Protein chains: 2
Amino acid sequence: MGKRKENSTNMLNENYITESCNLTYAVCKIGGRWKLLILCKLENGKLRFSELRNQIKGITERMLTLQLRELEKEGLIKRTVYAEVPPRVDYELTEIAKELVPIWNQLSNWGAKHKEILLSSVSSSI
Amino acid sequence: MGKRKENSTNMLNENYITESCNLTYAVCKIGGRWKLLILCKLENGKLRFSELRNQIKGITERMLTLQLRELEKEGLIKRTVYAEVPPRVDYELTEIAKELVPIWNQLSNWGAKHKEILLSSVSSSI
DNA sequence: TATGGTACTAACAAATTTGTAAGTAATGGG
DNA sequence: CCCATTACTTACAAATTTGTTAGTACCATA
């Protein structure tokens, strides 16, 4: 998000992991704090910057910008700027991002199930 | 991983996001640096602490311990301690974690495809 | 001339994650 | 008693991510 150091152990490890494990690679692509929420909002079509900001409670303009930029760089969203004043910019999913949709639906179901299990195991251990 | 502050904006945001989006919730469960790699190693059965350490290049004992502890707390792995000296401990996937396997296979395929697309778009833009 | 709306950017600070280096406990074998 | 082995812990430091606050540019409208 800011610049990263070039040869920190941290970064070398990340490179190694994402190169040797496509799964880790995939999860890293969608792994920023707000990225999945943004992608979900875009599932039904284009949205403007301000629409995203208003639909995502708690996100700051800076964070929204950062995450959008990364998603764009990674080819998951397409950014369109209209030559108007005041500015208008919209964002939409790319094809490769749309291919994620069925997968993330399953993952979302898994998450819901996991959440329940964890809750019931916590309450039963009281 | 270390303790977290109780009411930082950061933490409040995370709580809000994972509560309102099961997908984000799910990804957070598997979102530490080494977690997916660990889970993948366990896909074929139990492994001891030292086996994991040896199979995962670059991980330190501290990181391995931390990630294993979190995975355990989240109910994704089961830890078994044998009353021996020197100690023997092994780790295995839980049922709910095994349910992730088909999903992560798809995600892994997606990752491989995405990697190719990104590479070709980078090289074509030179 | 001042104001407003939109989509940002910049400088900085705080929080969180990750890595380094060293140490611990328990016990069997020499 | 001393050492080796295994699975950790602890204290600390570095790196990275996230959040705060205050701007910016543009032009239309009042």
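As the structure is a computational prediction, the values presented were derived from the model and not from experiment. Order of the sequence lines fixes the chain letters, A, B, ..., with proteins taken first and strands second; residue numbering starts at 1 for each chain.
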Original post:
Between B/Arg79 and B/Met11, which is nearer to the 5' end of DNA chain D once each is assigned its nearest nucleotide?
Top reply: B/Arg79

Original post:
Between atom CZ of B/Arg53 and atom CD1 of B/Ile59, what is the distance when rounded to the nearest 0.5 Å?
Top reply: 10.5 Å

Original post:
Could you give the distance from CD1 (A/Ile38) to CG (A/Leu64), rounded to the nearest 0.5 Å?
Top reply: 5.0 Å

Original post:
Separation of A/Arg4 atom CZ from C/dG19 atom P, in whole Å?
Top reply: 10 Å

Original post:
Closest heavy-atom contact between B/Glu74 and B/Lys29?
Top reply: OE1-O, 3.1 Å

**OP:** By nearest nucleotide on DNA chain C, pick out whichever of A/Val81 and B/Gly31 is the more 5' one.
**Re:** A/Val81

Original post:
Would you say a side-chain N or O of A/Ser8 is under 4.0 Å from OP1 or OP2 of D/dA14?
Top reply: no

**OP:** Please step through side chain to side chain contact (heavy atoms under 4.5 Å, CB included) for the pair B/Leu47 and B/Asp90, ending with a clear verdict.
**Re:** CA-CA 5 Å; B/Leu47 287 176; B/Asp90 61 32; over 6 Å; no

Just the table, please: protein N/O against nucleotides 21-25 of chain D N/O, every pair under 3.5 Å.
none

Subject >> Touch class at under 4.0 angstrom, heavy-atom based, for A/Thr65 against every strand present >> reply: base

Original post:
What integer distance in Å separates B/Lys5:NZ from D/dT17:P?
Top reply: 21 Å

Original post:
the helix from C/dT1-D/dA30 to C/dG30-D/dC1: angle between its terminal axes, five pairs each, to 10°?
Top reply: 30°

Original post:
In Å, rounded to the nearest 0.5 Å, how long is the span from CG of B/Leu23 to CD of A/Gln106?
Top reply: 11.5 Å

Subject >> A/Asn10, nearest nucleotide to its side chain (from C/dT16, C/dG19, D/dT18) >> reply: C/dG19

Original post:
Say you draw a straight line from OG1 of B/Thr65 to CZ of B/Phe49; how long is it, rounded to the nearest 0.5 Å?
Top reply: 3.5 Å

Original post:
Does a side-chain N-to-carboxylate-O contact under 4.0 Å join A/Glu51 and A/Arg48?
Top reply: no

Subject >> cation_pi(A/Arg79, A/Tyr91) dist<6.0 Å, angle<=45 >> reply: no

Subject >> Residue-level proximity of residues 41-53 of chain A to DNA chain C when a heavy atom falls under 4.0 Å >> reply: A/Arg48, A/Phe49, A/Ser50

Original post:
Separation of A/Leu64 atom CG from D/dT18 atom C1', in whole Å?
Top reply: 14 Å

**OP:** Give a yes/no on whether any side-chain N or O of B/Gln67 is located under 4.0 angstrom from OP1 or OP2 of C/dT18.
**Re:** yes

Subject >> Atom pair distance, as rounded to whole Å: OH in B/Tyr82 and C1' in D/dT5 >> reply: 18 Å

Subject >> Lys/Arg-Asp/Glu bridge criterion (N-O < 4.0 Å) met for A/Glu99, B/Lys113 >> reply: yes

**OP:** Round to a whole Å and report the spacing from CG of A/Leu12 to C1' of D/dA14.
**Re:** 14 Å

**OP:** Could you tell me the separation between the CG atom of B/Leu37 and the CD atom of B/Gln55, rounded to the nearest 0.5 Å?
**Re:** 9.5 Å

Original post:
So, does B/Glu72 use its side chain to make a donor-acceptor pair with the main chain of B/Ile77 at under 3.5 Å?
Top reply: no

Original post:
Could you give the CG-to-C1' distance, from B/Asp90 to D/dA7, as a whole number of Å?
Top reply: 12 Å

**OP:** Could you please name the option among C/dT17, D/dG19, C/dC8 that lies closest to any side-chain atom of A/Arg69?
**Re:** C/dC8

Original post:
Rounded to the Å, how far apart are A/Ile17 CD1 and D/dT16 P?
Top reply: 13 Å

Original post:
Across the strands shown, which category fits A/Tyr91 at heavy-atom distances under 4.0 angstrom: base, sugar-phosphate, nothing?
Top reply: sugar-phosphate

Original post:
Where the side chain of B/Thr94 meets the backbone of B/Gly75, is there a donor-acceptor pair that is under 3.5 Å apart?
Top reply: yes

Original post:
With nearest nucleotides of DNA chain C determined for B/Val85 and A/Arg88 from heavy-atom distances, which residue corresponds to the more 5′ nucleotide?
Top reply: A/Arg88

Subject >> Under 4.0 angstrom between B/Asn13 side-chain N/O and D/dT18 OP1 or OP2 >> reply: no

Subject >> Taking every non-hydrogen atom, the tightest pair across B/His114 and A/Tyr25 >> reply: ND1-OH, 2.9 Å

**OP:** Mind calculating the distance between CE (A/Met63) and P (C/dT9) to the nearest angstrom?
**Re:** 13 Å

